[in-house]
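Each remark here refers to the structure printed beneath this line.
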Amino acid sequence: IGEIQRFLRDDGTVKVSRSIKESANKIRKMKEELTKTLGRVPTVNEIAKSLDMSPEDVVFAQEASRNLTSIHETVYE
Amino acid sequence: MKNIMKLAFSAISENESFARVAVGAFIAKLDPTMDELTEIKTVVSEAVTNAIIHGYPNEDNGMVKIEAELTDDTVRIMIQDEGVGMSNVEEARQPLYTSKPELERSGMGFTIMENFMDDVEIRSEPMVGTTVRLTKRLSKQKAMCN
Amino acid sequence: MKNIMKLAFSAISENESFARVAVGAFIAKLDPTMDELTEIKTVVSEAVTNAIIHGYPNEDNGMVKIEAELTDDTVRIMIQDEGVGMSNVEEARQPLYTSKPELERSGMGFTIMENFMDDVEIRSEPMVGTTVRLTKRLSKQKAMCN
Ligand SMILES: Nc1ncnc2c1ncn2[C@@H]1O[C@H](COP(=O)(O)OP(=O)(O)O)[C@@H](O)[C@H]1O
Ligand SMILES: Nc1ncnc2c1ncn2[C@@H]1O[C@H](COP(=O)(O)OP(=O)(O)O)[C@@H](O)[C@H]1O
Ligand SMILES: [Mg+2]
Ligand SMILES: [Mg+2]
């Protein structure tokens, strides 16, 4: 059961829309940073490793933020 | 309105996190909480891992199928393999039961599914395969402004 | 080793970003650059949007199919609908050509696909549907130490 509890995060009741936006910001910053240090565009794995995420989750977070931003814009602006 | 997706992919462990994210991305439009998303991704992992390591222990060309359906605030997910199947589903569902202790399996896969989902249905037939159906109703107290 | 995934989903525009993530997450294991990832997600968007708005203009139950295949550093993606089809594919491929100027379409979908992918093949038949096949070889100059 400890195993189950480990899956639960402290910020668990936060909406995906908000949490994902934070990850997406980190991805954007990490991409800029790595582009400078590597002198080229980083790969998905390079971003994933530096943020301790899975490459698939990098793809998801990046996309979800794009999507939610556009929903936000159409609904609230 | 009903929204459906069907997915099939090579039964190799590299595809496990792809399956988690694909299902996660599909349900994301219901705007679940992070807990709900984590729970759903976790149960998908468990069921997909089972299909890959237990369903197709010796096969290279096996495919895992997933179907997901969204209606209002309810998520239905089916995970299916056409692998070796099980003869005793009741035994397999017991907490800590594993047929592969040598692989350091925890035997907690089905227990995790039962904990995180509202309903878990398992059908299996030896030499035909295994179908797991999971249902979860998402909470409705949504944050209105973010 | 070949890795395959097949996907089918309701032809509704909410699923466009799901399709982008599903394909993006599937190819993530080839470790594309962030730019290659964006290119592939963009072409998937274009083809899926075409299937939804042009392929199924009046239908509610249409399904869009995607198949993707990874071999070494090559990604092959097929996007298919069983919608209205096209009678003149050559015309449709022209930059700026659109049959729906009233929807503020840019007419650049196929041009974008051709720019971002190494190969673009379109088959279409009126009343049968449209199949777009896209191929891209990923760059190999990757950092070796990971
Ligand atoms: N898809 C499947 N095909 C065949 N057998 C399965 C499948 N899923 C589960 N099982 C059987 O049920 C047992 C319990 O599964 P689970 O609770 O996930 O524990 P674990 O995977 O750690 O063994 C497995 O050890 C296996 O014998
Ligand atoms: N899946 C499809 N089914 C039917 N017609 C299509 C499909 N995809 C493209 N077309 C036709 O090709 C034209 C050009 O497509 P595209 O270059 O993406 O421009 P746009 O989508 O902006 O019109 C469309 O306007 C439409 O007439
Ligand atoms: Mg298991
Ligand atoms: Mg278009």
Practice item. Apply side chain to side chain donor-acceptor pair (under 3.5 Å) to B:Q94 and list each qualifying residue two or more places apart in sequence or on a separate chain. Key: none
Point to revise | Heavy-atom neighbours of C:R93 CZ exceed 12 at 6.0 Å | key: yes
Revision key, fill the gap. Looking only at B:V21, B:N15, B:I66, most heavy-atom pairs under 4.5 Å shared with chain C are made by B:N15
Revision key, fill the gap. Greatest number of non-hydrogen atom pairs under 4.5 angstrom with chain C, of B:M63, B:K2, B:K6, falls to B:K6
**Study point:** Exercise: do C:T130 and C:Q80 side chains pair donor with acceptor under 3.5 Å
**Key:** no
Exercise for review: Examine the side chains of B:R20 and B:S45 and answer whether a donor and an acceptor come within less than 3.5 Å of each other.
Suggested key: yes
Check your understanding: Which bit of C:I12 comes within less than 4.5 Å of chain B, counting heavy atoms only: side chain, backbone, both or neither?
Key -> side chain
Review point. Non-hydrogen atoms of chain C under 4.5 Å away: do they reach the side chain of B:K65, the backbone, both or neither?
Key: neither
